[in-house]
Participant: 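Sharing a structure with you now.
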Amino acid sequence: MGRRSLLFVTGIIALAATACGGGDGQGTTAVPSLGATPTITDPGQITLPTDAYMVTTAQIKQVTQAQDAVTAECMRGFGLTARPTLTLGLDDAPKERLTRSMLYGYFDVEKAKTHGYDRGSGMADQGAAGNGAGGTPPTAAEEIAMSGNDPTTQQPVPTLDGKPVPPGGCGQKGRDTLKADQLIISDAALPDGGPKIPAGDPRIVEAYAKWSECMKGKGFEYKDPIAAVTDPKWAASAQAGSTGPAGPDEIATATADVECKIANNTVGVVVAVQTAYGKKYVEDNSTKLTAYRQQIDDLVRKAAQITAGGQTG
């Protein structure tokens, strides 16, 4: 993208391979015993064994700032001004990790009452917040310097005003130097994709059954929380262009969903199971996790040197 970079760090519904299935044999071994089951009525009460290995929003901001500095220095070489990376949903990402899960679905107590399953209206607002300085579109020269390609033909442009354009443009030079887009607040970013918790764990199956019975009593038929949050009706509404507050049907469903989770401590049970598998994952991958944290620390240290005026090339 010529005018600026977009770093997407939200939409982490984690409805992917971050929480279920088996990996490294974890899905086929005997189920681990549980410790105490916490009572969870708010996502802020959720803690997991992998928390200590998560990159923070402050670290992502620092690395992104340094990446922008590298890009800006490159752009200045062509007499141009770089536009900063737009980080979509960064401040919401830590909460998103806890409010959206492949195991317990959606769990935002307040937003469910007004936004249903919250299809990301905040991200849409940020994306529409202007196109850079003054909201002006990029010039052809800015496009070429930033992307390395002609904006019309999309073919590589080797030089601009007699000066060589780096492969992929100044934007790629910044990304290659700092790799900020690889910093994601998600268990999926951990070594081997993080802990693998099978949805077929008997404790989770039992929790689903109680939740489903509660939902049935409220007039909603879903086999498990994932079926509720991924109901095609909500996707159809989003594709139709609805980015504001959800409709009454979605709000009623999401509200009942959260209420049933609280009434049956569904999230508390699931988190207890996640914790059991998570502890085993941390024990089995201590070397990899230490190296992973070291990579993040090294990247943050490099970013600090760049923003302090050190080497950017």
Participant: Would you give the length of the straight line joining atom CE of Met215 to atom NZ of Lys261, rounded to the nearest 0.5 angstrom?
Facilitator: 8.0 Å

Participant: Between Asp161 and Lys163, is the closest basic N to carboxylate O distance under 4.0 Å?
Facilitator: no

Participant: What residue pairs, at least two apart or across chains, pass side chain to side chain donor-acceptor pair (under 3.5 Å) with a residue in residues 290-300?
Facilitator: Arg293-Asp297, Gln294-Asp298, Asp298-Arg301

Participant: Can you check whether Asp187 reaches Met54 side chain to side chain, under 4.5 Å on heavy atoms?
Facilitator: yes

Participant: For the pair Trp234 (side chain) and Ala228 (backbone), establish whether a donor and an acceptor sit closer than 3.5 Å, ignoring hydrogens and angles.
Facilitator: yes

Participant: Which heavy atom of Asp224 sits nearest a heavy atom of Trp211, and at what distance?
Facilitator: C-CZ3, 3.2 Å

Participant: Could you walk me through whether Ile306 and Glu73 satisfy the side chain to side chain contact (heavy atoms under 4.5 Å, CB included) test, starting with their C-alpha distance in whole Å, then the side-chain angles of each, then the deciding distance to 0.1 Å, before giving a yes or no?
Facilitator: CA-CA 11 Å; Ile306 288 174; Glu73 181 180 284; over 6 Å; no

Participant: So, are Lys279 and Glu283 salt-bridged, with charged N and O less than 4.0 Å apart?
Facilitator: no

Participant: Report the C-alpha distance between Leu299 and Leu178 in whole Å, list the side-chain angles of each, state the deciding distance to 0.1 Å, and finish with yes or no for side chain to side chain contact (heavy atoms under 4.5 Å, CB included).
Facilitator: CA-CA 7 Å; Leu299 189 57; Leu178 274 302; 3.9 Å; yes

Participant: Compare all side-chain heavy atoms of Phe220 with those of Cys260 and state whether any distance is below 4.5 angstrom.
Facilitator: no

Participant: Quick check: is Ile204 connected to Val269 through a chain of hydrophobic side chains (ILVMFWY, heavy atoms under 4.5 Å apart)?
Facilitator: no

Participant: Is it true that Tyr53 and Leu183 fall in one hydrophobic cluster, defined by side-chain heavy atoms closer than 4.5 Å?
Facilitator: yes

Participant: When rounded to the nearest 0.5 angstrom, what distance separates NZ in Lys196 from NZ in Lys280?
Facilitator: 13.0 Å

Participant: Quick one: does any side-chain atom of Glu250 pair with a main-chain N or O of Tyr117 as donor and acceptor, under 3.5 Å?
Facilitator: yes

Participant: Any side chain to side chain donor-acceptor pair (under 3.5 Å) pairs touching residues 30-42, not counting sequence neighbours?
Facilitator: Thr41-Gln45

Participant: Check Ala82 against Ala72 and note the closest heavy-atom contact, atom names and distance.
Facilitator: CB-CA, 3.7 Å

Participant: Is a side-chain donor or acceptor of Glu142 paired with a backbone partner of Thr139 at a separation under 3.5 angstrom?
Facilitator: yes

Participant: Can you tell me how far the CD1 atom of Ile60 sits from the OG1 atom of Thr87, to the nearest 0.5 Å?
Facilitator: 9.0 Å

Participant: Does Asp51 reach the main-chain N or O of Leu48 with its side chain, forming a donor-acceptor pair under 3.5 Å?
Facilitator: yes

Participant: With no hydrogens and no angle check, is any side-chain donor or acceptor of Lys218 less than 3.5 Å from a backbone partner on Asp257?
Facilitator: no

Participant: Donor-acceptor pair, Gln67 side chain versus Ala180 backbone, under 3.5 Å?
Facilitator: yes

Participant: Are Val273 and Val205 in one and the same hydrophobic cluster, where Ile, Leu, Val, Met, Phe, Trp and Tyr link if side-chain heavy atoms are under 4.5 Å apart?
Facilitator: no

Participant: Could you walk me through whether Thr266 and Lys210 satisfy the side chain to side chain contact (heavy atoms under 4.5 Å, CB included) test, starting with their C-alpha distance in whole Å, then the side-chain angles of each, then the deciding distance to 0.1 Å, before giving a yes or no?
Facilitator: CA-CA 8 Å; Thr266 307; Lys210 291 180 179 178; over 6 Å; no

Participant: Do Asp150 side-chain atoms and Thr153 backbone N/O form a donor-acceptor pair below 3.5 Å?
Facilitator: yes

Participant: For the hydrophobic clusters of this structure (ILVMFWY residues joined by side-chain heavy atoms under 4.5 Å, transitively), does one cluster hold both Tyr104 and Val31?
Facilitator: yes

Participant: For the backbone of Pro43 and the side chain of Lys95, can you confirm whether one donor and one acceptor N or O come within less than 3.5 Å of each other?
Facilitator: no

Participant: Determine the minimum heavy-atom distance between Ala145 and Val165, stating which atoms define it.
Facilitator: O-CG1, 4.5 Å

Participant: How far apart are the closest heavy atoms of Lys61 and Leu90, and which atoms are they?
Facilitator: CG-CD2, 3.3 Å

Participant: Return the minimal non-hydrogen interatomic distance between Met146 and Met75, and the atom names on each side.
Facilitator: N-SD, 3.9 Å

Participant: Measuring only between side-chain heavy atoms, which start at C-beta, is Val229 closer than 4.5 Å to Phe107?
Facilitator: no

Participant: Considering all heavy atoms of both residues, which atom of Ile251 and which atom of Ala246 are nearest to each other, and what is their separation?
Facilitator: CD1-O, 3.3 Å

Participant: Looking at Lys216, I'd like to know if its NZ atom is crowded, meaning that more than 12 non-hydrogen atoms belonging to other residues, nucleotides or ligands lie closer than 6.0 Å.
Facilitator: no

Participant: For the atom pair NZ (Lys111) and CG (Asp118), what is the distance rounded to the nearest 0.5 Å?
Facilitator: 4.0 Å

Participant: If you measure from CG on Leu190 to OH on Tyr281, what distance do you get to the nearest 0.5 Å?
Facilitator: 4.5 Å

Participant: Side-chain heavy atoms under 4.5 angstrom apart, residues restricted to Ile, Leu, Val, Met, Phe, Trp, Tyr: same cluster for Tyr208 and Tyr277?
Facilitator: yes

Participant: Just do the side chain to side chain contact (heavy atoms under 4.5 Å, CB included) check on Asn264 and Glu213 with the steps written out, would you?
Facilitator: CA-CA 10 Å; Asn264 293 279; Glu213 187 65 25; over 6 Å; no

Participant: If I take atom CD from residue Gln65 and atom OG1 from residue Thr85, how far apart are they, to the nearest 0.5 angstrom?
Facilitator: 10.5 Å

Participant: Check whether any side-chain heavy atom of Ile185 lies under 4.5 Å from a side-chain heavy atom of Val55, and answer yes or no.
Facilitator: yes

Participant: Strictly by modelled atom types, are Tyr222 and Asp231 linked by a side-chain donor-acceptor pair under 3.5 Å?
Facilitator: yes

